[in-house]
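Per chain, numbering begins at 1; letters A, B, ... match sequence-line order.
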Amino acid sequence: MRLMSAFLVGLVFGVGIAISGMINPAKVLNFFDITGTWDPSLIFVMGGALVTTFVGYRFVLRRDKPMIEERFQLPTARDIDARLIGGAAVFGIGWGIAGFCPGAAVPALGSGKVEVAGFVAALLAGLWVARLIQAKQADRRAVA
Amino acid sequence: MTGFETEFTPLMSLAGGVLIGLSAVFLMFLQGRIMGATGILSGLVTGTTPGDRGWRAAMVAGMIAGPLLVLAVTGQMPAVDVPVSWPMILIGGFSVGVGVTYGSGCTSGHGVCGNARLSPRSMVATVTFMITCGVTVYVIRHVMGG
């Protein structure tokens, strides 16, 4: 049940990424290239996703609990700190360099292009290294 | 490096956006979780229990199957054109991995789900990565290259 529903949720997401054009780095980079070969399509992707989620969450979060888990797991962090802003800034730079964000790169693997596999491998390496550093820092804080 | 024109596709982009939103709503309804690619991948890399890894792997498999389903239905694989060099792919990928870990999210987690919850953290993160991405594209295409 859990595996099947996760697969289907991923499938709907993957089809959405694919038909919206988010899957195509050339299109994503053109969205940001306002003074060059501008393609405003991604405004419609973000708009459609945001409005749908905003409305859907209003109904879903009114329930006591989700269907197959005991409770909702919503983020609880509230600080707007250097870590959040610095991380988001570095993410944006990487996005602008390669044209892929994580949610677009994973479905793009389905295209079988070796460039996508290279991007995802580098992404996972960055994720793993950052987690390692965070864990080391947490250890040091625990000792001190 | 200059880009090449891509076709303006408001209807397909809107339809795709609605599907992305629906997947986020479904995941909240079913599992009570935020649909964030960062969180899903991160849990897959550093996951603790096999059960936790299992649903994440299933979701990643579903995501990858997305464009294949489009291929099966329409007879055409959606275009994936990577207009940048290999060093840029790898540097970009690594930067994205580090950035989303420290920033606790990406376009799906912050940009869609967090903003839909009106989270101030997500709004700040979204504005930040949209600006740095835009500046990066401008510098690479119009200052360095062109």
Enquirer: Of all heavy-atom pairs between B/Gly92 and A/Ala98, which one has the smallest distance, and what is that distance?
Expert: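 Heavy atoms of B/Gly92 and A/Ala98 come nearest at CA-CB, 4.0 Å.
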
Enquirer: Measure A/Val60 against the heavy atoms of chain B and call it side chain, backbone, both or neither at under 4.5 Å.
Expert: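 Only the side chain of A/Val60 comes within 4.5 Å of chain B.
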
Enquirer: Measure A/Ile34 against the heavy atoms of chain B and call it side chain, backbone, both or neither at under 4.5 Å.
Expert: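 A/Ile34 has no heavy atom closer than 4.5 Å to chain B.
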
Enquirer: Under a 4.5 Å heavy-atom cut-off, does chain B meet the side chain of A/Val116, its backbone, both or neither?
Expert: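 For A/Val116, the side chain is the part near chain B, not the backbone.
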
Enquirer: Is the backbone of A/Ile97 close enough, under 3.5 Å, to the side chain of B/Thr136 for a donor and an acceptor to pair up by distance?
Expert: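 No, the answer is negative, given that no donor and acceptor are paired below the 3.5 Å cut-off.
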
Enquirer: To the nearest 0.5 Å, how far apart are CD in A/Gln73 and CD in B/Gln31?
Expert: 9.0 Å

Enquirer: So what's closer than 4.5 Å to chain B heavy atoms on A/Val9: side chain, backbone, both or neither?
Expert: both

Enquirer: Please assess B/Met28 against A/Leu74 for the test side-chain contact (heavy atoms from CB on, under 4.5 Å), listing each intermediate value before the final yes or no.
Expert: CA-CA 9 Å; B/Met28 188 60 81; A/Leu74 300 174; 3.4 Å; yes

Enquirer: Can you tell which part of A/Arg58 gets under 4.5 Å to a heavy atom of chain B, answering side chain, backbone, both or neither?
Expert: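 Looking at A/Arg58, just its side chain touches chain B.
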
Enquirer: Does any heavy atom of chain A fall under 4.5 Å from the side chain of B/Leu11, the backbone, both, or neither of them?
Expert: neither

Enquirer: Should we count NZ of A/Lys136 as having more than 12 external heavy atoms under 6.0 Å?
Expert: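 Counting neighbours around NZ of A/Lys136, 12 or fewer heavy atoms of other residues, nucleotides or ligands fall under 6.0 Å, so no.
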
Enquirer: For the CD atom on B/Gln76, are there more than 12 heavy atoms of other groups (residues, nucleotides or ligands in this structure) within a distance under 6.0 Å?
Expert: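 Not buried by this count: 12 neighbours or fewer within 6.0 Å.
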
Enquirer: How far does CG of A/Leu127 sit from OG1 of B/Thr38, to the nearest 0.5 angstrom?
Expert: 7.0 Å

Enquirer: Between B/Val100 and chain A, which part of the residue has a heavy atom less than 4.5 Å away: side chain, backbone, both or neither?
Expert: both

Enquirer: About how many Å separate OG1 of A/Thr53 and CZ of B/Arg117, when rounded to the nearest 0.5 Å?
Expert: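 Between B/Arg117 CZ and A/Thr53 OG1, I get 12.0 Å after rounding to 0.5 Å.
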
Enquirer: At a heavy-atom separation under 4.5 Å, does B/Leu68 approach chain A through its side chain, its backbone, both, or neither?
Expert: side chain

Enquirer: Check A/Ala88 against B/Phe129 and note the closest heavy-atom contact, atom names and distance.
Expert: O-CB, 3.2 Å

Enquirer: Before you tell me yes or no, could you show the steps for B/Thr6 and A/Thr37 under side-chain contact (heavy atoms from CB on, under 4.5 Å), namely the whole-Å CA-CA distance, both residues' side-chain angles and the distance that decides it to 0.1 Å?
Expert: CA-CA 8 Å; B/Thr6 49; A/Thr37 49; over 6 Å; no

Enquirer: Against chain A, label B/Met12 side chain, backbone, both or neither, depending on which of its atoms sit under 4.5 Å from a heavy atom there.
Expert: both

Enquirer: If only atom types and distance count, is the side chain of A/Asn30 paired as donor or acceptor with the main-chain N or O of B/Phe4 below 3.5 Å?
Expert: yes

Enquirer: Roughly how far, to the nearest 0.5 Å, is OH of B/Tyr138 from OG1 of A/Thr35?
Expert: 5.5 Å

Enquirer: Judged by atom type as modelled, is there a donor-acceptor pair below 3.5 Å linking the side chain of B/Asp81 to the main-chain atoms of A/Ala26?
Expert: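 A pair under 3.5 Å: no.
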
Enquirer: Where do B/Gly105 and A/Phe91 come nearest, in terms of heavy atoms and distance?
Expert: O-CD2, 4.4 Å

Enquirer: Given side chains that start at C-beta, do those of B/Phe29 and A/Arg63 come closer than 4.5 Å, heavy atoms only?
Expert: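 With C-beta onward as the side chain, the pair touches.
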
Enquirer: Considering all heavy atoms of both residues, which atom of A/Thr52 and which atom of B/Gly21 are nearest to each other, and what is their separation?
Expert: CG2-C, 3.8 Å

Enquirer: Picking from A/Phe119, A/Trp95, A/Tyr57, which has the most non-hydrogen pairs under 4.5 angstrom with chain B?
Expert: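 Heavy-atom pair counts peak at A/Tyr57.
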
Enquirer: Is it the side chain or the backbone of B/Thr107 that comes within 4.5 Å of chain A heavy atoms, both, or neither?
Expert: both

Enquirer: Measure distances from B/Val124 to the heavy atoms of chain A and classify the residue's part below 4.5 Å as side chain, backbone, both or neither.
Expert: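 When you check distances to chain A, only side chain atoms of B/Val124 fall under 4.5 Å.
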
Enquirer: Return the CD1 to CD1 distance between B/Ile131 and A/Ile93, rounded to the nearest 0.5 Å.
Expert: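 Rounded to the nearest 0.5 Å, the CD1-CD1 separation comes to 12.0 Å.
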
Enquirer: Contact part of A/Lys27 toward chain B, heavy-atom cut-off under 4.5 Å: side chain, backbone, both or neither?
Expert: both

Enquirer: So, for B/Trp55 and A/Ala6, which heavy atoms are closest and what is the spacing to 0.1 Å?
Expert: O-CB, 3.4 Å

Enquirer: Are more than 12 heavy atoms from other residues, nucleotides or ligands located less than 6.0 Å from atom CZ of B/Phe8?
Expert: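 Buried by this count: over 12 neighbours within 6.0 Å.
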
Enquirer: Identify which part of B/Val45 has an atom lying under 4.5 Å from any heavy atom of chain A, answering side chain, backbone, both or neither.
Expert: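 Only the side chain of B/Val45 comes within 4.5 Å of chain A.
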
Enquirer: Measure A/Arg131 against the heavy atoms of chain B and call it side chain, backbone, both or neither at under 4.5 Å.
Expert: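 Both backbone and side chain of A/Arg131 come within 4.5 Å of chain B.
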
Enquirer: Would you mind checking which part of A/Ala104 comes under 4.5 Å of any heavy atom in chain B, side chain (CB onward), backbone (N, CA, C, O), both or neither?
Expert: neither

Enquirer: Does any heavy atom of chain A fall under 4.5 Å from the side chain of B/Leu69, the backbone, both, or neither of them?
Expert: side chain

Enquirer: Taking all heavy atoms of B/Leu30 and all of A/Ser5, pick out the closest pair and write down the distance.
Expert: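 The pair with the smallest heavy-atom distance is CD1-CB, 3.7 Å.
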
Enquirer: Within this structure, what is the CG-CE distance for the pair B/Leu14 and A/Met46, rounded to the nearest 0.5 Å?
Expert: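 So the gap between those two atoms works out to 13.5 Å.
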
Enquirer: Report which part of A/Phe31 has an atom under 4.5 Å of a heavy atom belonging to chain B: side chain, backbone, both, or neither.
Expert: side chain

